[in-house]
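All values below come from the heavy atoms of this structure, side chains included, with hydrogens, waters and symmetry mates left out. Residues take their numbers from the sequence shown, with the count starting at 1.
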Amino acid sequence: MSRKVIELFYDVVSPYAWLGFEVLCRYRNVWNMELKLRPALLGRVIEATGNKSPAMVPNKAQYMITDLDRLASYMNVPVCQPSHAFEVMFIKGSLPAMRFITAVAEKEKDGDHLLENVSREVWKRIWSTDQDICEPASLSEAGLKAGLSSSEVEELLGLAKSQPVKDKLKQTIQEAINYEAFGLPLIVCHVDGKPQVFFGSDRFELMAHCIGEKWLGPQPFKPTSNL
């Protein structure tokens, strides 16, 4: 049976993208699939499609705080609200971080082990330990924790400023928009040559049904009791 290709378009500025990222990474060896991590930029997708972030709507923003607390517990992902969430998401943004992560993706030729680790470490900084993700020193620390050497980090920080990496990030954003994205995370499942698109991190049960796989919950390796 041929492996299904599943693409995850994500931005570390989104905690919901982190939730989706962790669940899909857990399912790499559960579902018959090849996971492709696609670093993009949420702000550009929203701008291009005329969308509005739910965090800009007061009632939705308040709901998201409770929602993320519940989801973090349910999915076992250490999501915590940063002390200045509005500034983090809408003033500082994640452009330097996503260029750095794109540089990792472009540099890594054999699999995406480092891409996964670096993405996770950057997410932890913003959504778990309330640290900056825009300054080079912060990205450097994330890279070192992810397993990169000091020389590799310096090379990637330089590569992140290059035109090819900037163009690659723009290309990935456009690809997400071509799939009719209006936000991130966006999950694209390629089954029998046809893409099936899912938005958000709460459609895994439906996704499993559509691609012919079994949904075992957000923690597929967690033991369950027999009643």
Side-chain angles (χ1 to χ4, degrees), residues 4-40 42 45 53-55 59-83 85 88-89 94 97-98 101 112-131 133 142 145-146 176 181-189 196-227:
K4 305 170 182 72
V5 175
I6 297 182
E7 296 181 275
L8 172 64
F9 293 84
Y10 65 95
D11 184 340
V12 295
V13 82
S14 167
Y16 289 98
W18 188 14
L19 296 169
F21 168 91
E22 294 294 355
V23 170
L24 284 175
C25 286
R26 292 168 188 169
Y27 271 81
R28 281 183 186 269
N29 297 315
V30 176
W31 287 348
N32 181 37
M33 71 167 185
E34 177 188 353
L35 178 60
K36 291 188 175 182
L37 301 176
R38 308 296 309 279
L42 176 58
V45 173
S53 170
N59 284 357
K60 287 184 179 180
Q62 186 59 43
Y63 171 80
M64 285 172 61
I65 296 173
T66 302
D67 189 46
L68 284 170
D69 285 344
R70 290 186 296 217
L71 286 169
S73 175
Y74 174 58
M75 295 185 171
N76 192 28
V77 180
V79 176
C80 299
Q81 289 285 329
S83 54
V88 165
M89 296 182 71
S94 59
M98 296 316 296
I101 291 171
D112 61 3
H113 176 71
L114 285 174
L115 175 60
E116 177 183 334
N117 287 350
V118 170
S119 297
R120 181 177 290 114
E121 289 300 330
V122 179
W123 255 309
K124 284 181 180 179
R125 294 187 75 77
I126 180 174
W127 285 107
S128 193
T129 57
D130 195 10
Q131 298 180 75
I133 61 162
K145 286 186 175 182
F182 50 85
L184 299 177
L186 186 79
I187 303 169
V188 183
C189 303
Q196 298 203 43
V197 179
F198 302 87
F199 168 72
S201 55
D202 58 352
R203 292 292 185 269
F204 290 112
E205 189 171 1
L206 175 61
M207 183 191 308
H209 170 75
C210 291
I211 67 176
E213 296 287 349
K214 187 175 182 180
W215 172 241
L216 302 172
Q219 301 180 67
F221 301 109
K222 183 179 180 179
T224 56
S225 60
N226 293 319
L227 298 178

[X] vs [Y] side-chain heavy atoms within contact, under 4.5 Å:
X: L114; Y: D112; answer: no
X: K4; Y: L35; answer: no
X: V79; Y: L19; answer: yes
X: L216; Y: Y27; answer: yes
X: I101; Y: M98; answer: yes
X: F21; Y: C25; answer: yes
X: Q196; Y: V188; answer: no
X: S14; Y: P185; answer: yes

To check you understand the geometry: which heavy-atom pair defines the closest contact between [X] and [Y], and what is its length?
X: V122; Y: A97; value: CG1-CB, 4.1 Å
X: W127; Y: V13; value: NE1-O, 3.2 Å
X: L115; Y: P39; value: CD1-CG, 4.2 Å
X: F198; Y: R203; value: CD2-CB, 4.2 Å
X: I211; Y: C189; value: CG2-CB, 3.7 Å

With distance as the sole test, does [X] use its side chain to make a donor-acceptor pair with the main-chain N or O of [Y] at under 3.5 Å?
X: S201; Y: A17; answer: no
X: D130; Y: P82; answer: no
X: S128; Y: P78; answer: yes

task: Show your reasoning for whether side-chain contact (heavy atoms from CB on, under 4.5 Å) applies to W18 and V77.
output: CA-CA 8 Å; W18 188 14; V77 180; 3.6 Å; yes
What side-chain donor-acceptor pairs closer than 3.5 Å can you find for residues 59-75, not counting sequence neighbours?
unit_1: D67; atom_1: OD2; unit_2: Y16; atom_2: OH; d: 2.6

Taking atom [atom1] of [X] and atom [atom2] of [Y], what is their separation to the nearest 0.5 Å?
X: W123; Y: E22; atom1: CH2; atom2: CD; value: 7.5 Å
X: R26; Y: N76; atom1: CZ; atom2: CG; value: 5.5 Å
X: I6; Y: R38; atom1: CD1; atom2: CZ; value: 14.0 Å

task: Would you check if the distance from the ring center of W31 to the ring center of F204 is below 6.0 Å?
output: no
field: With Y10, the side chain to side chain contact (heavy atoms under 4.5 Å, CB included) member among L184, L37, L42, I187
entry: L37
- request: State whether R120 and E116 are salt-bridged, where the test is any N-O pair (Lys NZ or Arg NE/NH1/NH2 against Asp/Glu carboxylate O) under 4.0 Å.
  value: yes
field: Note: E7-K36 ion pair, threshold 4.0 Å (strictly below)
entry: no
